[in-house]
Amino acid sequence: MQGQNFIAGRWIDGITPFTTANPSDLDETVGHYSKLGESEVREAMAAARAAQPGWAACNMQVRADILRKAGDILLARSEEIGTLLSREEGKTRAEGIGETIRAAQCFHYAAGDVVRAQGEFYHSMRDGFNVLVTREPVGVVAAITPWNFPIALPSWKVAGALAYGNAVVLKPSSFVPGCAVMLAQVLEAAGLPAGVFNLVMGDGRATGNIMIDEADALTFTGGTATGRLVLARAAETMTKCQLELGGKNALVVLDDADLDLAVDIASNGAWIQTGQRCTGTERLIVTRGVHDAFVERMAGVAKAYRVGHALDPQTQIGPVANTQQFNENLKFVRDAQAEGAELVAGAGAVECRTRGLFMAPTLLVGTQGAWRCNQHESFGPIASVIRVDDLDEAIAVANACAYKLSSGIATSSLRNAERFRRESLAGMVMINAPTAGLEYHVPLGGRSPSGYGPRETGAATAEFFTESKTSYINHGAI
Ligand code: NDP
């Protein structure tokens, strides 16, 4: 892949070349790209500024058709884009294709949003008046995205912003820009007017700061530490912010759970997609009666997973996405052991035919809720088990963590499930389902510091990507 930046409808090279490596085979270069200088990033922001009013005024059906066509093209190219995703990020090919299909669904949903957009009519306190509440585009949206969902995540941000008449400048993660390049190709082919969507590659802080300063709104997904920096910068210009950040998601397993189901959802949440989902399960809070049987079954599942090259159809768990994350994962496990955690599955790096970043699904037991390994996000295929006495203690432990993104419970009691659903502080609660696995037609996100500002997707899309206008109309006595 030779990927360029895309500004005002033109494909341009930046000034600092960089490459990406295949995490399944570090000897293979996947993409050649280049980072822009400051003036080109400003040019992209200016292009969005210039194009936005025309896009907002563009016929509604035309806008809907362009977004629907973008979804159609993503579907038609799903194998190609999914394969690139696999090579650059390390998800299995099936996961890569699945993620591309999700991206297409986001565009199709957004096409519907264009024609569903509504306002409100009120009678007035004053005779001869009406009141209208309408929604208008925010203007220029800066979208900054992480490496773990390189096509779906930019797509739900970009599709949502475009649906409501905004222009967008997207900065993808420098680890995985290839899918963003393909998204730009798709939008160009779908007939999006020049400047309405722009793609910039650059260093997070330098490029991000210009984008934040010059945008009307910032939609950001990434780590909580980066989120704090971004928020502080946005405060200077009072740029509207939506931040989706880290998680330390807990799954509670009660004595009354269906054990097969509990193991299934716990292993899926903890290890599928190499544990690199913000909603992945990192804490397993298990009541005493089922603890030992659960741990034994989970260790068996962890050891049975086939870890390997993302393009090998036999692979169930692909590599860790990049060397930095790989080293952090191994250190996380060592630190947890130093704290007193016992390793019952996963012995660190896994050797395969290629020189990749393969890591065994890891299960730590005998941990305490307050330990570092249960308070800090690992973002790898690592889960720790915390033994508790009952539901009361399980809820207390689940909530005793700063992160509040997703949570779940495995139980056959409706009463226990409902109590957990009400008392969990997480933004998303799963009953007898993995903590990860979200749908695109409903809101997504967590409470601070896992999120900040309006949620994303579904009905929340309009909340963030529009500004409300209240109009009082004196039409006189009729
Ligand atoms: P980072 O926070 O490191 O980076 C995210 C994006 O921010 C990248 O594009 C990065 O650019 C950019 N960036 C870095 N520094 C700055 C800055 N100072 N100002 C503006 N932008 C900046 O996250 P990762 O890419 O490592 O992604 C993993 C994290 O994302 C995890 O913590 C995970 O939980 C979270 N996440 C949250 C989700 C949610 O919905 N809550 C969903 C998915 C992931 P560059 O790559 O060039 O450095």
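Quick note: residue numbers are just sequence positions, from 1. Predicted model only: the values in this text are computed from it and were never measured. Order of appearance sets the numbers: ligands from 1, and atoms from 1 within every ligand.
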Pick, from Gly204, Ala232, Gly246, the option with the minimum heavy-atom distance to atom 13 (N) of ligand 1.
Gly204
Would Arg49 and Asp216 pass as an ion pair if we require N to O under 4.0 Å?
yes
Salt-bridge criterion met for Glu43 and Arg10 (N-O under 4.0 Å):
yes
Within 45° of the six-membered ring axis of Phe149 and under 6.0 Å from that ring's centre, is NZ or CZ of Lys91 located there?
yes
Does a side-chain N-to-carboxylate-O contact under 4.0 Å join Glu80 and Arg77?
yes
Contact check: Thr221 vs ligand 1, nitrogen or oxygen atoms, below 3.5 angstrom
no
Can you pull out the closest protein heavy atom to atom 32 (O) of ligand 1? Residue, atom name and distance to 0.1 Å, please.
Glu377 OE1, 2.7 Å
Atom pair CG/CD of Asn249 and Glu282 - distance to nearest 0.5 Å:
7.0 Å
Among all protein heavy atoms in this structure, tell me which lies nearest to atom 35 (C) of ligand 1, with the distance rounded to 0.1 Å.
Gly222 O, 3.1 Å
Ligand 1-proximal atoms of Val230, by part, heavy-atom distance under 4.0 Å:
side chain
Is it true that the side chains of Arg102 and Gln105 contain a donor and an acceptor less than 3.5 Å apart?
yes
Look at atom 12 (C) of ligand 1 and find which of Asn322, Ile144, Thr279, Leu444 reaches it with the closest heavy atom.
Ile144
Candidates Thr226, Thr145, Thr207; heavy atom nearest atom 6 (C) of ligand 1 found on Thr145
Distance flag, aromatic centroids of Phe379 and Trp147, threshold under 6.0 Å:
yes
Which segment of Gln325 sits under 4.0 Å of ligand 1 when only heavy atoms are counted:
neither
Ala225: heavy atom below 4.0 Å from ligand 1, yes or no?
no
Any chance the side chains of Thr219 and Lys157 put a donor and an acceptor closer than 3.5 Å?
yes
Report the nearest protein non-hydrogen atom to atom 41 (N) of ligand 1: residue, atom name, distance rounded to 0.1 Å.
Leu245 O, 2.6 Å
Side chain, backbone, both or neither: which part of Pro172 has a heavy atom under 4.0 Å from ligand 1?
backbone
Have a look at Ala152, Gly208, Ser174 and point out the one with the heavy atom closest to atom 47 (O) of ligand 1.
Ser174
So between Lys171, Arg228, Glu244, whose heavy atom ends up nearest atom 40 (O) of ligand 1?
Glu244
Please check whether Gly223 reaches ligand 1 - meaning an N/O of the residue sits under 3.5 Å from an N/O of the ligand, judged on distance alone.
yes
Short N or O distance, Asn148 and ligand 1, threshold 3.5 Å exclusive
no
Numbering as shown, the atoms of ligand 1 that approach Cys278 to under 4.0 Å (heavy-atom distance)
34 (O), 36 (N), 37 (C), 38 (C), 39 (C), 40 (O), 41 (N), 42 (C), 43 (C), 44 (C)
Under-4.0 Å salt bridge between Arg455 and Glu244
no
For the residue pair Trp271 and Tyr305, does the interplanar ring angle fall in the parallel (under 30°), tilted (30 to 60°) or perpendicular (over 60°) class?
perpendicular
Face-on cation placement of Arg116 at Tyr109 ring, 6.0 Å and 45° thresholds:
yes
Electrostatic pair Arg93-Glu79, nearest N-O below 4.0 angstrom
yes
Please work out, at 4.0 Å between heavy atoms, whether the side chain, the backbone, both, or neither of Phe379 comes within that distance of ligand 1.
side chain
Any nitrogen or oxygen of Glu456 lying under 3.5 Å from a nitrogen or oxygen in ligand 1? Just yes or no.
no
The atoms of ligand 1 lying under 4.0 Å from a heavy atom of Gly202, numbered in the order shown, are 47 (O)
Checking a contact table here: which protein heavy atom is nearest atom 17 (C) of ligand 1, and how many Å away?
Arg205 CA, 3.6 Å
Protein non-hydrogen atom below 4.0 angstrom of atom 26 (O) of ligand 1 present:
yes
In Val200, Val169, Ile144, Leu36, the residue satisfying side-chain contact (heavy atoms from CB on, under 4.5 Å) with Thr207 is Val200
